[in-house]
Amino acid sequence: MEVSGLQSQRPVWCSQSFIITRQNSHLNFRPFTGLVPCKSSYRSFHSYSRRLQYPRNGNFRPCYATGEFSKKKQKKWSRPKGSAPKGFVPKAPVGTSTPKRDQTDEEDNSPSVDSSPELGKRASDVGSSAEKTERSEVSQVNRIGEQREDLTNGKAGKSTLTKKAVTNGSKNLLKEIDTVTGFIGEGRSSTSDLIDETGLEPEDLESKQGSSTESNVLESEKIVSGTGIIDENEKDKMTENEALDLDRGGSEIFEDMASENKQSNEDRSEAETRMLVSENKVSDLTPYEKKVEDIVSVQENISLISYPSVESDKNVTDSEVLPGSETLLSNERETKELDSKEFDDESVTETEVVGSSSRAAITTDEKKLEEALRKLQLEMEALERQKVLEEMAEHNFSKGTKVFIYPETAKPDQDIELFLNRSLSPLKDEPNVMVMGAFNDWRWKSFTTKLQKSHLRGDWWSCQIHVPKEAYKMEFIFFNGQDVYDNNDKKDFHIIVEGGMDLDTFEDFLLEEKRREQENLAKVEAERKRQAEEQRQREEERAASEADRAQAKAEVEKRKEKLRELVKKAVSSMNNVWFFEPLEFKDGDLVRLYYNKSSGPLVHANDVWIHGGHDNWSFGLSVVARLVKSEEKEGDWWYAEVTVPDQAVVLDWVFADGPPQKASIYDNNKRQDFHAVVPKSVPNELYWVEEELRIYQRLQEDRRAKQEALRAKAEKTARMKAETKEKTLKTFLLSQRHIVYTDPVDVKAGQDVTVYYNPSNTVLNGKPEVWFRGSFNQWTHRRGPLPPQKMYPAENGTHVKTTVKVPLDAYMMDFVFSEWEDGGIFDNKFGMDYHVPVFGGIAKEPPMHIVHIAVEMAPIAKVGGLGDVVTSLSRAVQDLNHHVDVILPKYQCLNLNHVKDFHHAKSYSWGGTEIKVWFGKVEGLSVHFLEPLNGLLQTNSVYIGKNDGERFGFFCHAALEYLLQSGFHPDIIHCHDWSSAPVAWLYKEHYGQYGLTNARVVFTIHNLEFGAYFIGRAMEYADKATTVSNTYAKEVAGNPAIAPHLYKFHGILNGIDPDIWDPFNDKFIPVNYTSENVAEGKKAAKEALQQRFSIKKGDFPLVGIITRLTHQKGIHLIKHAIWRTIERGGQVVLLGSAPDPRIQQEFVDVANRLHNMHHDRAGLCLNYDEPLSHLIYAGADLILVPSIFEPCGLTQLVAMRYGSIPVVRKTGGLHDTVFDVDHDVERARAQGLEPNGFNFEGADPAGVDYALDRAISAWYDAKEWFNTLRKRVMEQDWSWNRPALEYMELYHAAWKN
């Protein structure tokens, strides 16, 4: 029948799926023989909805059509000869009724779709080229008979009919679920419970009725579901008569249907018999496999729930559509929309096929069925798992393997089940079996758990273990919880985890974990310190408050006593000298004080003034007034009107001939002052209580203001030190930029760094290749040396470069360079290697233990620069988190005022005498004082001359013996100059052979002028040797004591202690200052210095000289410079003394001449004065250091710290630290510095004049530039920050060798 014919005969609608052939442009279909009559209060019709899915790659398309079969007496549908007129839609006759069905057909069952392989095969044959046939979603319903009655008056609700239809479809499915559940062991007795939960009303189905319905449904399924589909080869056999047969209506239709159903029942019965016989012949499935197939069948049948109408399809959401069916459903929706658009009329819109209650019931039923299916799925998986475990257990046992896991492959972040066959284990007789293990070589997530007897055949025990996401391997052993172990013959059991981290990634992960742990610990520690600091401040505040109260009370008592004495002495008037009017007054009153000018020293004064206070001048000058001549009193009486100060008890005053600061003649009652009692203001007890409170509050305000000022100053000092230290480190890292540097300069752990190297300035100059060879942490990193990396030209054209990944646990980057990949010529910085600190790493540099053995130490036993170096270097290294001890002789001349916690620690015997060991803290350093009872070191000075070699030799031997007997194991033993040089050979020849095998010896030459023999021998035995500047090292390189050992000889500059020499906190200068206010501070210091030396005050260029007066210091140049400065209009101050009496007398003579000739221009102090040295550094404009030779020199460094410009001779450390503003610009830049002073080369007066004249002229002619130079030199860091880093490199190099 053509579509147009159907359209014109469309009284009511039903939805159906049809097969569309590709060749035919018209639609051929057959009606479904299992129609379900549905009753409507608006219109009588029979409706049936079918939703099907077909393969997209086949020849079939889903569509919808309508048909009417409700009227029994209806004749054949009339089919117009052509297309129906446009808009012609005939309506159904009124009053039609549904034919009464046989009672046996009312409650037919809807059987499940057969999911056998045969049916699946037939369905797959339909699609021409389908790779996979999608399951058809088939709705199954029962034909329900109704009594013959008028449908318009019928009472049967459509929701009830729908519920019954769905119930019959789901009942059989639940029966099949029960069957499978019973096999698995679910324990559900029947489907009744589940059906009750859905709210459906199952009907009692007779087997006879079910058989009939089954046949009907099967026939319809053959038509539309794929089992009886007309394929391409059969479609042409359909005649037009067969299509026209569909036009039949009324009784003729039902007669054909009954006949067709009967035949289809017989055909289906025969087909099922053949299929059953075939399956019985070929099936060898086990019961287990059969049940698995049953479960699969249940899964397929879950989609066979009927949908009562097309309208119900609209309630299906996308989430409910089976995978792969989205396109088909979309096509169905499009077809429905087209059908609705083409056939929409009033009768359709008024028709309601299924109510909301029916849809809700179906939705609930679907949810229940889905839940049942989910449970079945889990049970099926459990069955599958059990089968696999049985096979694995049997397999492993047959091989003698006692351990396996499930799944067979362990993966990160999953649970595994660990199995042990106890019968194959040493634990076979133990009732308890436990497993103890961890991951990643026993370094991550340890665990201990108990195993339980499994359900597997044999003696298999098991437990579950979670594999963490960081795991790459699992290690474990078994034990009985006590002392019986199975550890795989001491090799432990291990399982590789696939797909997780590798070893390097895990190492990095551990480092990140450690970093986070350290950060958390740091936060906790910071919080603990904060709370401790707050508690300390509260306790200090409480103690200070109590002290303030006590002080206030004491002051009140003191004032009470004084007032009592004053009241006794005070009078209300003095006969013929002074008196008050009125006689009775109190505080706040205005009174007249009369004074007889002729009674005292002011008799001839033109003016008379009163300078007054009260209460014994406790509040200073509070009354100032001018007296006038009284016209009322006879004689020379003068008066002034004054207001009595508040709370005044006694008035104090004097008379003068002028106001304060301008008076010259006083009448002060013969130095007793005048005192008068305030008659009505005698204080009572309440007054003194209030006075005590006022004093207490004033004390608290003053104290808190001082504390706040000190706190702010301390914070600023710490900030400046940190900034200076950071700046110095960068300068240090860039100091060899012409050879090597890194980008970034601050190398960060966990990041990439690029190393730039300029071979043209090294031994690799001209080599065709350069290779980078490096490692980390002083060549001790856990991953060992990096593979050699070839370096390639950098963008700047002078350097080559390579990039290195810095590990998270690095604190130092170490590297050298070579000409070939496998070696050749190396640039290793003359045996020191190149080192760059790494910041932000998890690992911290392990502290070294350094012991200094020396005969000097500032400030307790200082003679020269050696004592400063021992103290300052030790402090700087200790600030880098290393351990430092100092061993020093206990002289009688020790200044123990600078030693904290000084006490006797122990005694030991050596060299035939007992040696006492004293311990104390000096500048925060641990110092061990050795006191041999033989008296060798009991001297009043460090050096006594006649037997110093013997004394210091004994001390060196005793110091090493002390280290041995005390169990010290230092990494470095550092000895200094000739006085402790014996340590080097005594250690190597004796103590290095015994218990001090770990140490390395470092020897420092401070001055080669003394003890050359001892120095030469120490150079031979030391592992590393230094002197105090690079230039001095070059100057002495030809010395016979040095020349043979140049390979281990290095120059490292000394530094100054920034805490001792600090103008911002210096207590010996009048105004503290920084580079920000250097002009103000130095002006105040200059005025104080001029006053101290009694020289003319004013703004003159002032040259300071602080030195020991020896020939080494260039005393002839010093004398010349003094006179030259005076000639240029400047001033000179000198502080120093001469160990040689003749030289001392020479300078006494010079001082006398200067005093006679230029007492306002020059001042000399010929003895050592520490506070005065601070004032000279701060007050001088220029500091002169004209040394003939100077290994290092500290004077020029301290001068720059205080903003004084150095004028020096170019020698030793002076050349290395002072860069001439006119000649050393490039040399300074090479060191990361700017020019900072004036220098000269000759050792004659002309050389001094050249530098000194330029400096004084700059002061006169370029004041602004000169002040800028002051600021610049103050900001340069000449502390021990940089030398300490260089010494640490030296210590590591010594230890490595």
Side-chain angles (χ1 to χ4, degrees), residues 504 507-508 511-512 514-516 518-519 522 719-762 770-783 785-817 827-829 832-845 879-881 1228-1234 1275-1277 1281-1282 1284-1286 1288-1289 1292:
D504 291 341
E507 294 285 355
D508 291 342
L511 295 176
E512 284 291 352
K514 188 174 182 181
R515 184 204 295 273
R516 284 191 286 269
Q518 288 178 350
E519 290 175 352
R719 183 174 65 255
M720 290 191 302
K721 289 179 67 174
E723 291 172 353
T724 300
K725 196 169 186 177
E726 180 180 1
K727 182 179 177 181
T728 299
L729 178 59
K730 289 187 176 181
T731 302
F732 170 71
L733 296 176
L734 293 173
S735 62
Q736 297 191 72
R737 189 179 180 89
H738 61 291
I739 297 176
V740 63
Y741 68 95
T742 63
D743 183 23
V745 176
D746 298 334
V747 179
K748 301 293 178 61
Q751 299 182 5
D752 290 342
V753 60
T754 301
V755 180
Y756 291 85
Y757 176 66
N758 186 356
S760 62
N761 294 324
T762 70
V770 176
W771 289 78
F772 173 90
R773 318 171 79 90
S775 185
F776 301 93
N777 301 352
Q778 300 294 343
W779 302 94
T780 63
H781 193 263
R782 55 185 172 80
R783 295 183 181 174
L786 299 171
Q789 296 177 225
K790 186 176 180 179
M791 305 187 76
Y792 294 93
E795 295 78 8
N796 58 18
T798 59
H799 289 66
V800 290
K801 68 177 183 177
T802 190
T803 300
V804 178
K805 175 72 174 182
V806 182
L808 287 171
D809 57 344
Y811 58 81
M812 186 71 69
M813 183 177 176
D814 323 294
F815 51 93
V816 297
F817 304 95
D827 175 12
N828 60 5
K829 198 182 175 183
M832 297 285 289
D833 298 342
Y834 294 94
H835 303 280
V836 176
V838 176
F839 301 94
I842 295 170
K844 303 301 179 184
E845 182 178 4
D879 287 344
L880 295 175
N881 300 316
R1229 287 178 180 173
Q1231 298 296 319
L1233 299 171
E1234 294 183 82
E1275 292 174 350
Q1276 292 179 348
D1277 182 17
N1281 288 333
R1282 178 168 176 172
L1285 295 173
E1286 295 181 358
M1288 287 309 305
E1289 284 196 355
H1292 284 295

> Hey, what's the ring geometry for Tyr741 with Tyr756, parallel, tilted or perpendicular (30° and 60° as the breaks)?
Replying inline: parallel

>> Looking at every non-hydrogen atom in both residues, tell me the closest pair between Pro837 and Phe839 and how far apart they are.
In response: O-CE1, 3.9 Å

> Does Lys727 offer a backbone N or O that forms a donor-acceptor pair with the side chain of Asp1277 under 3.5 Å?
Replying inline: no

>> Using side-chain contact (heavy atoms from CB on, under 4.5 Å), reason through Val806 and Gln751 one step at a time and then give a plain yes or no.
In response: CA-CA 6 Å; Val806 182; Gln751 299 182 5; 5.9 Å; no

> Rounded to the nearest 0.5 Å, what separation is found between the CG atom of Leu808 and the CZ atom of Arg515?
Replying inline: 5.0 Å

> If only atom types and distance count, is the side chain of Asn828 paired as donor or acceptor with the main-chain N or O of Asp833 below 3.5 Å?
Replying inline: no

> Any idea which heavy atoms bring Ala749 and Ala810 closest together, and the distance?
Replying inline: CB-O, 4.2 Å

>> Contact between Glu507 and Arg783 at the side-chain level, heavy atoms closer than 4.5 Å - yes or no?
In response: yes

>> Using a 3.5 Å distance criterion without hydrogens, assess whether the side chain of Gln1276 forms a donor-acceptor pair with backbone atoms of Glu1234.
In response: yes

>> Please report the interatomic distance CG(Leu1285) to OG1(Thr728), rounded to the nearest 0.5 Å.
In response: 9.0 Å

> Side-chain contact, heavy-atom cut-off 4.5 Å: Phe776 with Pro807?
Replying inline: yes

> Taking atom CD of Glu1289 and atom CE of Met812, what is their separation to the nearest 0.5 Å?
Replying inline: 7.0 Å

>> Is any side-chain heavy atom of Leu733 closer than 4.5 Å to one of Thr742?
In response: no

>> So His1292 and His835, do their side chains get closer than 4.5 Å, heavy atoms only?
In response: no

>> For the CD atom of Gln789 and the CH2 atom of Trp771, what is their distance to the nearest 0.5 Å?
In response: 9.0 Å

> Can you check side-chain contact (heavy atoms from CB on, under 4.5 Å) on Val804 and Met813, steps first, answer last?
Replying inline: CA-CA 10 Å; Val804 178; Met813 183 177 176; 4.1 Å; yes

>> Ignoring hydrogens, what is the shortest heavy-atom contact between Asn758 and Asn761? Give both atom names and the distance.
In response: ND2-ND2, 3.3 Å

> So, for Asp827 and Tyr757, which heavy atoms are closest and what is the spacing to 0.1 Å?
Replying inline: OD2-OH, 2.7 Å

> Does the side-chain contact (heavy atoms from CB on, under 4.5 Å) test come out yes or no for Lys844 and Asn881, once each step is laid out?
Replying inline: CA-CA 10 Å; Lys844 303 301 179 184; Asn881 300 316; over 6 Å; no

> What distance separates Lys801 NZ from Glu795 CD, expressed to the nearest 0.5 Å?
Replying inline: 3.5 Å

> Can you tell if the side chain of His799 reaches within under 4.5 Å of the side chain of Met791, non-hydrogen atoms only?
Replying inline: no

>> Run the salt bridge (charged side-chain N to carboxylate O under 4.0 Å, His left out) test on Asp809 and Arg782 for me, step by step, so that the C-alpha distance in whole Å, both residues' side-chain angles and the decisive distance to 0.1 Å come before the verdict.
In response: CA-CA 9 Å; Asp809 57 344; Arg782 55 185 172 80; 2.7 Å; yes

>> Between Val755 and Val740, does the side-chain contact (heavy atoms from CB on, under 4.5 Å) criterion hold? Intermediate values first, please.
In response: CA-CA 7 Å; Val755 180; Val740 63; 4.1 Å; yes

> Aromatic rings Tyr834 and Phe815: how do their planes relate, parallel, tilted or perpendicular, breaks at 30° and 60°?
Replying inline: parallel

> Which value, rounded to the nearest 0.5 Å, describes the distance between Arg773 atom CZ and Asp814 atom CG?
Replying inline: 14.5 Å

